[in-house]
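Please read the structure below before turning to the comments.
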Number of protein chains: 2
Amino acid sequence: MNIRFTLPLLCALLCQYTSLSAQLQWREVMPGVWKGTAGTPEKVTLLNIAAAKPDSAALGKLPSARFPLDRNDISVKLADGKVYLRFPLEKNEQLFGLGLNFKTVNQRGRVSQLHVDHYGGKDDGRTHAPVPLYISSRGYGVLVDAARYITVYAGTAVRTDTKNPPVLHDRNGNKQWESQPYSDAVEMLVPAAGAEVYIFAGPTAMNAVQRYNLFNGGGYLPPKWGLGFTQRVPTLYSQQDIVREAKEFEGHNFPLDFIGVEPGWHSMAYPCTFEWDPNRFPDPKGFIINLANMGVKANLWLNPYVSPKSSLYAPLKSLSGSHTVWNGLVADFTLPEAKALFREHFLKNHIALGVSGYKMDENDGYDKWLWPDVATFPSGTSAEQMRQIYGIAMQQMTDEWFREQNRRTYGLVRASNAGASRFPYVIYNDYYSHPDFITALVNSSFIGVLWTPEVRASKSAEEWVRRMQSVCFSPMAMLNAWADGTKPWSFPEVETAVQEVAMLRMQLLPYLYSTFAQYRFEGKPPFRSMNLIDGFAFTPQVNGGKLDATLNPYEAKTRSELKDQYMMGDNMIVAPFFAGDSSRKVYLPKGKWYDFYTGELAGEDGVITVKARLDRIPLFIRDGGLIPMIPPRRQAPKPGEVLPLEVRVYGSAPGDFLLYDDDGNTFDFERGQFTRVLLKAANGKGSMEKPAAGKPFGYGPKVKWTFMTAQAK
Amino acid sequence: MNIRFTLPLLCALLCQYTSLSAQLQWREVMPGVWKGTAGTPEKVTLLNIAAAKPDSAALGKLPSARFPLDRNDISVKLADGKVYLRFPLEKNEQLFGLGLNFKTVNQRGRVSQLHVDHYGGKDDGRTHAPVPLYISSRGYGVLVDAARYITVYAGTAVRTDTKNPPVLHDRNGNKQWESQPYSDAVEMLVPAAGAEVYIFAGPTAMNAVQRYNLFNGGGYLPPKWGLGFTQRVPTLYSQQDIVREAKEFEGHNFPLDFIGVEPGWHSMAYPCTFEWDPNRFPDPKGFIINLANMGVKANLWLNPYVSPKSSLYAPLKSLSGSHTVWNGLVADFTLPEAKALFREHFLKNHIALGVSGYKMDENDGYDKWLWPDVATFPSGTSAEQMRQIYGIAMQQMTDEWFREQNRRTYGLVRASNAGASRFPYVIYNDYYSHPDFITALVNSSFIGVLWTPEVRASKSAEEWVRRMQSVCFSPMAMLNAWADGTKPWSFPEVETAVQEVAMLRMQLLPYLYSTFAQYRFEGKPPFRSMNLIDGFAFTPQVNGGKLDATLNPYEAKTRSELKDQYMMGDNMIVAPFFAGDSSRKVYLPKGKWYDFYTGELAGEDGVITVKARLDRIPLFIRDGGLIPMIPPRRQAPKPGEVLPLEVRVYGSAPGDFLLYDDDGNTFDFERGQFTRVLLKAANGKGSMEKPAAGKPFGYGPKVKWTFMTAQAK
């Protein structure tokens, strides 16, 4: 036995095992952001790995706000080697966030153990991005920065000595009895010697989200091509197959900005070599150039597990964990030496050739496929911590490589966590429920991540067009044909409808890119839950539990949720249809809302019912909403291109829109190389501010103003 | 801050945080039972709470055995405040146990986090009895005695430096690739400063189970009435309603030995007062006497949560946890003072009146219903520990009350764990899949618990009779009508078939009681997985994973399992039918097997197909198998009754059977007041040993020998 200890360590140990109750001391570390430290926090935390610098200037521009809770109502205790946290809740408060959930939006009344995992069909905290952050409908957020499996009781735990006890009912004959009595607190158990806790003030829920994102450096602004269409090809496609695939897209006049190259590019994959297969890819450089000549970029699939056949294996062996995944090494990405080996290899073999980015698969995974919690790592980071951070560590590392090149990347990742908003990655998974994919898109907006409801296959043309429609209104418009070999035109009866919605996404690029600029500079998520929207109110209906000895012995109540519509940017509600729907309800925030396609009044303040049309995804624009658009095109504009701008104007209220543009490819915008002009419309007239000269701006001076709504007489 | 520490504590703390690898030191604590201590074990462990005394005499009678593993292949490490354990596996070894699973029997290749919980439909370690014990097909068992959420990698984790690495396959085109590469170890993570580990030797898997059960004091021998039929009545039934119900059973000539009184007997339930409701039960004593006059006993439902309306509330408040469940106190049952308060109240108000036992509900429960892991308890026991032990603490406590009275009880419990075999409780739950209920019955045999596939309701007469048939071949023949008000005769078209199978159970009491005596004295579970049977072999079929991007992206393989048949005692295979089945397969161990009803040869060494008959549950008896029976009757024999014995003999091989009897009600058998006589049959002749005089023996000297199988010429 070799025992070394220092005084601080000793103190940490003791604090951990002696039950201590205390108040957190709060320090305002950024405008409207407070930090409190419980016990002795660990070195490896989510935010430490994400390594973000807060955007203090942008934070300073948000409305000023006071500490949003009563400090006396927050308690912390150290016992059993863990941190016990308690935060107050008010009677009608709703809670959002707590990871990328697929079935629920409102988290109050739920228990989660936050755990990076494949989503397994249940909202229980095991998901691709189990971010330990909740956003309250009262306009604040709480983040626990610990890379541990945190258990969260979101308004379920009831203390014996609570000030707001639930009403006592006798289940013997009293119908008021509830299986989940009222709880006035969020309680969390952090299995660590300490944790840092952050409170993000509002005053609105959107402001709290913005503060969270800006505290982590703001959102990511993708390159323009990243917002175009992407197709992922079958696993074993060769470079010729892929070039042929890109040509087919030309032939079908279907948008295509980048292609996803699946495992077959590796000389061995599962585990991976990260080296080009000489048979399928005899000339990687020529392959990338061929694609580039068609305006198409290449994104490479990988999972992190290093094959014994890889040149990286030998040098990485001592820098990797005690256990393998699929026979591959699990590199310890908390070690700079391990990261340096990857950097050198990836820059030289992929990025220098023009590879545009990566799809980083399986940095999450079901327990039976991932490294076990009994694994150890050379840095001393525990397997549990490694699991919670692996996705963000890979995002941080790869993001840095591209920033070094002054090239923006945009890719895919399956595991994420807190601190990820500034990273160039969109989350996806293997699950495939279309409605649940939309709920994930809704939930992504609370926790600083992006999500794509990717399309892979469908049972019918109807399902196909419905899925294609919603993926075109998401952060990444992707068809992932790795296993099925599907093409956008795989269902000929809906080929036109699919092409039209993909083209519509391309037309909306000015709107979408400006929306992502908001994410970057203001921290507003591009795709937003209705719960973050001013003037929106949805009161969940509680459906009383009917006793059924088999199906509902506890007479548990259910609560309706709004989880199938969202906003893209400030002005547009997206309300997807799912296969089989003939009509659907759409909940409108305060004010008048207009049909995107016709400009007609769709409704005002409340619920409307929309009839299904196979060729359209329902879109609604707010009164005074401006939607800047460009003509249909297959690919995102290149730097220097100047395009005609059409601005559609909806309703009769005066409105404006901040149009953003830059070179679309580099980080020069961070050094001032961008343009932001105000578009204004009122009384049937529109105007655009004159852009400053010498900065990138891709639109001609003559704007076509289209007033979509017949003006009131 | 108030920090106290002692040198041993300091040492424990340091050991915990310094990564230490070591070998476990093994000490043979009982014949064939070795104990190893990792780190500093906690005071509150599963076996400490169960407080069993090993039956050293019975252990000594098992075949002698050596330490079943290579000590060098077992490793233990202390790191991150946890215990890391590793045990070797051989290539074709199968693993059983690891909690009361409902869908799987073979646990190799699975990951579980053992956690007392309502079963939620997935075998993931969250179940009513998450016993940290596995039984190997190689004939040994491993138990980790820690009241913590233990994570078990049962042949899934693969070490980089393993001596038996999996074969490396390239998923790019190689069909041999496997989503779960071969692993040669069980690894476990115990989130505690230490743990005690026990190894139970064989040489057979059954011997390992026996050693485990005997180490915990042997199995429980129920009172005879406990093996009769039981009906649980609707929640709000009054004492008159219940007496009427018992009379109806007489009218229908349907067996009934005890009645389950559901929540309505409490003056308030959910949370509970444990006090009789004066309106529904104005005369509890008279009520119990009325039932007793019909030969029927009363079992009282409860959950442990103490209502503010209970006289127990005030004295228990300071002896309870920080959080309530359903507004009720959660008593700290690791405190003798809390147990004493319950004892006094329960003895005086129930047991003294003649109450025969309890149904202890909801000492498990979904996270959202139970106390949270952030709860604290006055003893210092953590919420996690309390959750793992609550069921066994309640079993231990109540068992003691009845032993004090020299009265055997037999009841129900929903939470259990290691060390429970000697307790008078059968596990049940709210789940209701008939096939999965049978799988649970199979699995109960590995982990020292009893399970009943209770009947509540059915969608059809066919389902009704199928469920009634299998519950009559289980540890407790129960209809639980708390919510549905069903009666055994609820489906008139199958009333006779249901009555017949209930009567058949009564006829089989001599066989069943002797089988439970085996459980008590030899540790052999009364209901047994085929995997524990000598001469049985079932090789799981592996079905190769077909790639499907949506349903099976990892081409995961599935493995067939034998999980729908079991043995009752030494001689009888039970192979239930489920609604909808027209035929089924039955796997026979080595030798010839005979139809119970006809005595005809059913098959030999292998699979047979049996056609469904609505009025019969398939039962098969081994060659030379003796089945002692009594005439059909409604209630179990009372002490002093003398019954005619019929012994059915199957096949042509000579056979014998050890018939056990005692007074059926008290613990006098533990002081020698029992009879055990050998029944023998060969060549068409049978004989019974003469029982010693002066000891209880409920059968007349003249045995009717029925040779069921036509003897070979």
Side-chain angles (χ1 to χ4, degrees), chain A residues 1 3 5 13-14 17-18 20 79-81 84 109-111 151 153 156-160 166 168 170-173 177 179-181 187 189 191 236 263-264 266 268-270 308 320 322-324 326-327 329 367-369 372-374 376 382 430 432 456-457 482-484 547 549-550 553-554, chain B residues 1 3-5 13-14 17-18 20 79-81 84 110-111 151 153 156-160 166 168 170-173 177 179-181 187 189 191 236 263-264 266 268-270 308 320 322-324 326-327 329 367-369 372-374 376 382 430 432 456-457 482-484 547 549-550 553-554:
Chain A
M1 293 200 185
I3 299 178
F5 59 91
L13 294 171
L14 286 171
Y17 273 81
T18 315
L20 297 170
D80 198 34
Y84 294 55
R110 301 181 53 77
V111 181
T151 309
Y153 300 86
T156 61
V158 180
R159 285 188 67 88
T160 309
L168 178 69
D170 182 359
R171 195 184 178 184
N172 277 342
W177 183 85
S179 61
Q180 282 197 253
E187 300 203 53
L189 189 66
L236 293 180
H266 294 261
M268 175 181 208
Y270 282 51
S320 296
S322 58
H323 287 69
T324 57
W326 293 314
N327 273 302
L329 294 177
D367 291 342
K368 61 186 169 186
W369 290 326
D373 284 351
V374 291
T376 54
S382 72
D430 286 317
Y432 203 55
R456 292 196 291 270
W482 75 276
D484 300 292
L547 177 65
T550 299
Y554 292 87
Chain B
M1 292 199 183
I3 300 179
R4 284 168 298 175
F5 58 92
L13 293 171
L14 286 171
Y17 274 83
T18 314
L20 297 171
D80 197 35
Y84 294 55
R110 303 181 52 78
V111 182
T151 309
Y153 300 86
T156 62
V158 181
R159 284 188 67 88
T160 309
L168 178 69
D170 182 358
R171 195 184 178 184
N172 278 341
W177 183 85
S179 60
Q180 282 196 251
E187 302 204 52
L189 188 67
L236 294 180
H266 294 260
M268 174 180 209
Y270 284 48
S320 297
S322 58
H323 288 69
T324 58
W326 293 313
N327 272 301
L329 293 178
D367 292 342
K368 61 187 170 186
W369 290 326
D373 284 351
V374 291
T376 53
S382 72
D430 287 317
Y432 203 53
R456 292 196 290 271
W482 75 275
D484 300 292
L547 177 65
T550 299
Y554 291 88

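In what follows, chains carry the letters A, B, and so on, assigned in the order in which the sequence lines appear, proteins first and then strands, with residues in each chain numbered from 1.
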Task: Side-chain (B:Asn172) to main-chain (A:Pro263) donor-acceptor, under 3.5 angstrom - done: yes

Task: Atom pair OH/OG of A:Tyr84 and B:Ser322 - distance to nearest 0.5 Å - done: 8.5 Å

TODO: Nearest 0.5 Å please: distance from the CG atom of B:Leu189 over to the CG atom of A:Asp373.
DONE: 6.0 Å

Task: Interatomic spacing from CZ in B:Arg171 to CE in A:Met268 - rounded to 0.5 Å - done: 12.5 Å

TODO: Measure across B:Trp482 and A:Leu547 and return the closest heavy-atom pair with its distance rounded to 0.1 Å.
DONE: CH2-CD1, 3.6 Å

Task: Gap separating the CH2 atom of A:Trp326 from the OG atom of B:Ser179, nearest 0.5 angstrom - done: 8.0 Å

- [ ] Quick one: which of B:Thr160, B:Leu236, B:Thr156, B:Val111 has the most heavy-atom pairs under 4.5 Å with chain A, could you say?
- [x] B:Thr160

Open item on the list: Heavy-atom pairs under 4.5 Å with chain A - which of B:His323, B:Lys368, B:His266 has more of them than the others?
Closed with: B:His323

TODO: Supply the atom-to-atom distance A:Asn327 CG to B:Trp177 CH2, rounded to the nearest 0.5 angstrom.
DONE: 10.5 Å

TODO: Under 4.5 Å heavy-atom distance to chain A, tell me which part of B:Arg159 shows up: side chain, backbone, both or neither.
DONE: both

Task: A:Pro308 side chain near B:Leu168 side chain, heavy-atom distance below 4.5 Å - done: yes

- [ ] Starting at OG1 of A:Thr376, measure out to CG of B:Asp80 and round the result to the nearest 0.5 Å.
- [x] 10.5 Å

Open item on the list: At a 4.5 Å cut-off on heavy atoms, which part of B:Pro181 comes close to chain A: side chain, backbone, both, or neither?
Closed with: side chain

Open item on the list: Only pairs of heavy atoms separated by less than 4.5 Å count here; which of B:Ala157, B:Gly173, B:Ala269, B:Ser320 has the most with chain A?
Closed with: B:Ala269

Open item on the list: Can you tell me which of A:Ala457, A:Pro372, A:Ser382, A:Ala483 forms the most heavy-atom pairs within a distance under 4.5 Å of chain B?
Closed with: A:Pro372

Open item on the list: At a heavy-atom distance under 4.5 Å, which candidate from B:Thr151, B:Leu329, B:Asp430, B:Asp484 has the highest pair count against chain A?
Closed with: B:Asp430

